[in-house]
Number of protein chains: 2
Amino acid sequence: MAKTEDEIFKFKRPGVAVDVILFTIKDGDLQAGLIKREEPPYSGKYALPGRFVRYEEQIEETARQALKIKGGIDPHSVFLEQLYTFGQNLERDTRIRTISIVYYGLISANQIYFQKGNKFQWFSVYKLPQLAFDHKNIIDYAVNRLRKKVWESDFAFQLMAEEFTLTELQKSYEVILNDKLDKRNFRKKILEINILKDLHKKKMEGVHRPASLYSFKKAK
Amino acid sequence: MAKTEDEIFKFKRPGVAVDVILFTIKDGDLQAGLIKREEPPYSGKYALPGRFVRYEEQIEETARQALKIKGGIDPHSVFLEQLYTFGQNLERDTRIRTISIVYYGLISANQIYFQKGNKFQWFSVYKLPQLAFDHKNIIDYAVNRLRKKVWESDFAFQLMAEEFTLTELQKSYEVILNDKLDKRNFRKKILEINILKDLHKKKMEGVHRPASLYSFKKAK
DNA sequence: TCAAAAGTGTTCTACCTACACCCATGT
DNA sequence: ACATGGGTGTAGGTAGAACACTTTTGA
């Protein structure tokens with residue numbers, strides 16, 4: 001980094017983009033928001049929303065702008081975390097050598113329904129369409145990271161409505177992990193970590209005993 | 001990413017650099033290799049070795065080149081892993097807006113001694129000098145990551161000589177974790193994961209019972 | 001024979017897993 | 001009264017933590 005300004009500018013610089021993989025749970029499935037490309041390269045294939053980093057833009061801001069502009073999603077309602085920076089494949093983008101900083105995000109299905117600018121098409125991560133660039137690898141990588149972190153972090157709440165039942169929360173974990181969980185063990189574990197607030201309200205729905213509603217305690 | 005070439009080039013692009021934090025164990029301490037800056041900004045302060053990413057250079061290659069050129073270290077002898085990409089602080093580098101992809105690496109102290117081009121100064125991560133840019137934060141972040149991953153990964157072997165005793169290995173873990181470990185539990189755990197090869201040789205040294213030498217099984 | 005580090009097993013605890021029945025509701 | 005999902009406790013197994021003594025060597 002000890003360079004004069006001359007040195008900094010004397011060589012050709014790669015481009016830097018941010019790509020975002022936005023997850024939600026829809027139809028009992030873990031889904032990712034993708035955009036159909038209308039232009040080459042990879043015209044007709046699906047891609048993660050992305051955007052080149054502007055000179056005065058923080059990189060997380062670039063990610064949020066990509067969601068807004070490419071996906072029509074209100075970027076403030078999205079939990080985002082940096083995933084990895086992909087810069088190995090020099091052929092990744094055929095127009096220009098591009099380094100891609102990838103973020104992954106979570107949004108609850110409710111929030112999507114209410115945002116009518118939403119331009120994403122949602123695909124189950126188990127049934128992805130043909131993808132542009134190396135986006136298939138990126139999605140696989142993100143799903144793995146999501147699974148590793150789901151117990152260490154409370155981000156699964158980003159997928160929930162404001163009020164939810166324990167069974168609904170368990171379903172989200174099961175969808176992320178792609179595995180069945182034991183009801184009693186799940187409740188024990190999730191209540192132990194003390195991030196749930198019992199709203200002392202019941203959800204009356206269906207022909208069965210009503211379920212308690214919870215929200216999660218916001219960190220201060 | 002769906003942009004015409006015009007769009008790609010019409011805005012000013014940030015620079016992309018790779019910074020590397022190289023760790024070793026010296027004098028019973030976890031140390032990082034730093035370089036004293038001779039030029040502004042931050043002249044006289046210490047910095048991680050770094051380098052701007054060239055157009056035709058894979059980013060891990062940029063990291064290795066930085067070690068070679070800035071530190072005089074043979075880059076093939078170094079374990080490297082991507083840590084995080086820092087791009088929040090627009091004032092990070094005062095000359096140009098720079099995004100920094102940070103790698104961390106490990107090298108055994110032996111290897112450093114034999115490389116006489118070595119230009120690093122080594123500092124205990126607990127007694128760092130005044131650092132340039134936001135490199136203090138980066139080092140703290142890397143140390144935390146190292147601690148989290150030391151049991152999940154076998155990278156601690158990068159810090160060892162070719163042949164080593166269990167006590168020497170334990171010392172390395174203790175230095176990384178900054179904590180004392182129980183000898184019996186450590187041996188049980190490390191032998192259980194089955195990555196050590198008993199060389200059936202003894203290290204005769206000092207006035208005490210000789211220690212068995214091990215190497216680690218290279219993954220194929 | 002002494003000092004110094006190597007080497008070795010068992011007990012206790014905490015956490016995770018597996019598992020089955022009663023409860024409250026609407027029809 | 002029955003079908004449906006909500007709600008609850010316990011026993012067994014496993015992995016990690018704590019802990020002390022004997023062995024081998026060179027001086």
Side-chain angles (χ1 to χ4, degrees), chain A residues 25 27-28 147-154 156-157 160-216, chain B residues 25 27-28 147-154 156-157 160-216:
Chain A
I25 292 180
D27 312 324
R147 287 187 181 146
K148 273 193 193 139
K149 293 204 69 174
V150 71
W151 287 117
E152 299 167 28
S153 166
D154 53 6
F157 294 105
M160 308 306 296
E162 188 60 34
E163 308 186 340
F164 51 86
T165 69
L166 292 179
T167 301
E168 287 162 357
L169 183 61
Q170 185 181 338
K171 286 258 165 60
S172 293
Y173 273 77
E174 289 178 340
V175 164
I176 291 171
L177 297 167
N178 196 24
D179 203 5
K180 278 272 157 215
L181 298 174
D182 180 86
K183 193 179 8 173
R184 279 168 290 193
N185 295 338
F186 177 79
R187 284 163 188 240
K188 210 184 308 168
K189 193 164 178 174
I190 209 81
L191 291 172
E192 232 159 43
I193 57 179
N194 198 33
I195 44 170
L196 289 188
K197 186 163 48 180
D198 188 340
L199 298 174
H200 301 290
K201 298 199 308 195
K202 298 285 175 186
K203 178 170 191 174
M204 310 287 251
E205 186 190 73
V207 188
H208 55 80
R209 179 169 171 179
S212 290
L213 282 166
Y214 292 82
S215 65
F216 76 103
Chain B
I25 292 181
D27 312 324
R147 288 188 180 146
K148 273 192 194 142
K149 293 202 71 173
V150 71
W151 288 118
E152 298 167 28
S153 169
D154 53 6
F157 294 104
M160 308 306 296
E162 189 60 33
E163 307 187 341
F164 51 86
T165 68
L166 292 179
T167 300
E168 288 163 358
L169 184 60
Q170 184 180 339
K171 286 259 165 57
S172 293
Y173 274 76
E174 289 178 340
V175 164
I176 291 172
L177 297 167
N178 196 25
D179 204 4
K180 279 271 158 217
L181 298 174
D182 180 87
K183 191 176 13 169
R184 278 168 290 191
N185 294 338
F186 177 79
R187 284 164 186 240
K188 209 185 308 169
K189 193 164 178 174
I190 209 81
L191 292 172
E192 230 159 46
I193 58 178
N194 198 34
I195 45 172
L196 289 187
K197 185 162 48 180
D198 188 341
L199 297 175
H200 301 289
K201 298 199 308 196
K202 298 285 175 189
K203 178 170 191 174
M204 312 287 252
E205 186 189 72
V207 189
H208 54 80
R209 178 169 173 177
S212 291
L213 282 165
Y214 292 82
S215 65
F216 76 102

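Labels below follow one simple rule: chain letters A, B, ... track the order of the sequence lines, proteins then strands, and each chain is numbered from 1.
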Next on the checklist: Once salt bridge (charged side-chain N to carboxylate O under 4.0 Å, His left out) is applied, do any residues pair with B:Glu162, and if so which ones, sequence neighbours excluded?
Outcome noted: B:Lys218

Checklist entry - Can you name the residues that form a salt bridge (charged side-chain N to carboxylate O under 4.0 Å, His left out) with A:Lys180, not counting sequence neighbours? => result A:Glu174

Next on the checklist: The test is side chain to side chain donor-acceptor pair (under 3.5 Å); show your working for A:Lys202 and A:Ser212 and say whether it passes.
Outcome noted: CA-CA 5 Å; A:Lys202 298 285 175 186; A:Ser212 290; 3.1 Å; yes

Checklist entry - Mind checking what makes side-chain hydrogen bond (donor to acceptor under 3.5 Å, both in side chains) contact with B:Arg147, not counting sequence neighbours? => result B:Tyr126

Item to check | All side-chain hydrogen bond (donor to acceptor under 3.5 Å, both in side chains) counterparts of B:Ser153, not counting sequence neighbours | outcome: none

Item to check | Ring center gap for A:Tyr214 and A:Phe164 short of 6.0 angstrom | outcome: no

Just the atom pairs and distances: protein N or O near nucleotides 1-3 of chain C's N or O, under 3.5 Å.
none

Checklist entry - What residues form a side-chain contact (heavy atoms from CB on, under 4.5 Å) with B:Ile195, not counting sequence neighbours? => result B:Asp154, B:Phe157, B:Ile193

Checklist entry - So does B:Ser212 get a side-chain nitrogen or oxygen closer than 4.0 Å to the phosphate oxygens (OP1/OP2) of C:dG7? => result yes

Checklist outcome for this item: A:Lys203 meets the salt bridge (charged side-chain N to carboxylate O under 4.0 Å, His left out) criterion, sequence neighbours left out, with A:Glu168

Item to check | Atom pair distance, as rounded to whole Å: CZ in A:Arg209 and P in C:dA24 | outcome: 5 Å

Item to check | Near-strand residues of residues 184-196 of chain B, defined as heavy-atom separation under 4.0 angstrom from DNA chain C | outcome: B:Arg184, B:Arg187, B:Lys188

Item to check | Pairs satisfying ring-ring contact (aromatic ring centres under 6.0 Å, His included), at least one member in residues 188-211 of chain B, at least two apart | outcome: none

Next on the checklist: Tell me every residue that passes salt bridge (charged side-chain N to carboxylate O under 4.0 Å, His left out) with A:Lys197, counting only those two or more places apart in sequence or in another chain.
Outcome noted: none

Checklist outcome for this item: In whole angstroms, the gap separating P of C:dA6 from CG of B:Asp198 amounts to 15 Å

Item to check | Those residues of residues 165-183 of chain A lying under 4.0 Å from DNA chain C by at least one heavy atom | outcome: A:Asp182

Checklist entry - Over how many whole Å does the gap from A:His200 atom NE2 to D:dG6 atom C1' extend? => result 17 Å

Checklist entry - Can you check the B:Met204 CE to C:dA5 P distance for me, whole Å? => result 17 Å

Checklist entry - What pairs with B:Asp27 under side-chain hydrogen bond (donor to acceptor under 3.5 Å, both in side chains), at least two apart in sequence or on another chain? => result none

